[in-house]
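Input: a single structure, listed below in structure tokens.
The chains referred to below are lettered A, B, ... by the order of the sequence lines, with proteins before strands, and numbering in each begins at 1.
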There are 2 protein chains.
Amino acid sequence: MLQNSVELDRLDRDIIGALVEDARSTYAEIGQRVGLSASAVKRRVDRLRETGAITGFTARVDPTALGWTTEAYVELFCVGKTSPSAIGVAVARLPEVISACTITGEADALLHIRATDVRHVEQVIERIAAEPFVVRTKSSIVLSRLIETPLITSRNGSTFVA
Amino acid sequence: MLQNSVELDRLDRDIIGALVEDARSTYAEIGQRVGLSASAVKRRVDRLRETGAITGFTARVDPTALGWTTEAYVELFCVGKTSPSAIGVAVARLPEVISACTITGEADALLHIRATDVRHVEQVIERIAAEPFVVRTKSSIVLSRLIETPLITSRNGSTFVA
DNA sequence: GCTGAAATAATGATTCT
DNA sequence: AGAATCATTATTTCAGC
């Protein structure tokens, strides 16, 4: 599915930049911007999807508009030999966990959670802490969000792809 | 720009769910899924964009395909009265910082950075540490990513919007 | 506020350079 | 590997309910 060996040229990166900025732009618009015809752009986009460089297209949603006003980061400290996949399976059950990874340092994993309010955050932490492999958790509530970008950053008009 | 007072009904949430899953679906496809005509869907999407519930459409990109193979989280410990906006302005200059927020707890801020390799992560941390308001930093390199979702979660076929 | 139809615009397949 | 053509399909606007 995912081929890392595929070379991406300047044109591919510009096309990706255009799509990160607006996933609903037409191929003609992108072509005008990067200097290609619409059909040439389409063929490259198809190839970028096939090779896995582009994994999909999604709407950017304002979580607060949907009632998700509170965010927190939760560090997980686990028992001796807990596998990453065991953590993954457990946290995937909670829709409030929007990101999870294992990390270096004292903690074993770091979770990013979105909830409706602080009480909701607490409930989610309780459910995570109830997992048998979790020894303790350490949470930080987000006070103010300073930066929030799609995976690859798009700022002040221009998109930084590589 | 952003109106939190706007009520979103089941139809709006279903439309958002469809667009989070695939931002390039046609209005007719979305309409079929949620039980509306294409033009009714379009009017609701336009309204959702106007009210700020939907902030845009973006391509989901595989960072590793673009050469961004390394991620890290960096906690920032700042001097006494450092304002969130000062931190925001400083980290916004670094394209490697894909997310930043102020948090409760010992650290003042948490940054999420994406870089090409560990050496690159180190360079970014050095530049952040060079900011006059930064007292010290504490970094964790991401070992394995377990969950990565768009802002609102979309898992096992169904999208969880509210 | 939704539907359905008509005008406009984008897409996808094909062929040519 | 990109450009041009054209049949098909989607989007957008608007009249009518």
* Ile98(A) backbone acceptor or donor facing Thr149(B) side chain under 3.5 Å -> yes

* **Atom pair distance, as rounded to whole Å: CD1 in Ile30(B) and P in dA10(D)** => 12 Å

* Could you tell me the separation between the CG atom of Leu36(B) and the P atom of dT12(D), rounded to a whole number of Å? => 16 Å

* Describe the nucleic acid contact of Arg47(B) in one word from base, sugar-phosphate, nothing, applying a heavy-atom distance below 4.0 Å. => nothing

* Given atom CD of Gln32(B) and atom C1' of dC2(C), what is their separation to the nearest angstrom? -> 17 Å

* Separation of atom CZ in Arg10(B) from atom P in dG1(C), rounded to whole Å -> 18 Å

* **Out of dA10(C), dT11(D), dT3(C), whichever nucleotide has its closest atom nearest the side chain of Ser37(B)** => dT3(C)

* Among dC2(C), dT11(C), dA3(D), which is the nearest nucleotide to the side chain of Tyr27(A)? -> dT11(C)

* Non-hydrogen atoms of Pro84(A) and Leu146(B) that approach each other most closely -> O-CD2, 3.4 Å

* To do: Side chain of Ser39(B) only, please: which of dG4(C), dT11(C), dA3(D) is the nearest?
  => dG4(C)

* Structure fact -> Looking only at dT12(D), dT11(D), dT3(C), the nucleotide nearest the Lys42(B) side chain is dT12(D)

* To do: Give the nucleotide from the list dT11(C), dA4(D), dG2(D) with an atom nearest to the side chain of Arg44(A).
  => dG2(D)

* **N/O (side chain, Arg43(B)) to phosphate O (OP1/OP2, dC2(C)) under 4.0 Å** => yes

* Does Arg24(B) make a side-chain N or O approach to OP1 or OP2 of dT11(C) shorter than 4.0 Å? -> yes

* Structure fact -> Which of dC2(C), dG2(D), dT11(D) is nearest the side chain of Thr26(B)? It is dT11(D)

* When you measure from the side chain of Thr55(A) to the backbone N and O of Asp62(B), does any donor-acceptor pair fall under 3.5 Å? -> no

* To do: Specify whether His112(A) and Tyr73(A) have parallel, tilted or perpendicular ring planes, treating 30° as the upper limit for parallel and 60° as the lower limit for perpendicular.
  => parallel

* Structure fact -> Glu29(B) CD to dT11(D) C1', in whole Å, measures 13 Å

* Can you tell me if Thr104(B) uses its side chain to pair, donor with acceptor, with the backbone of Ile141(A) under 3.5 Å? -> yes

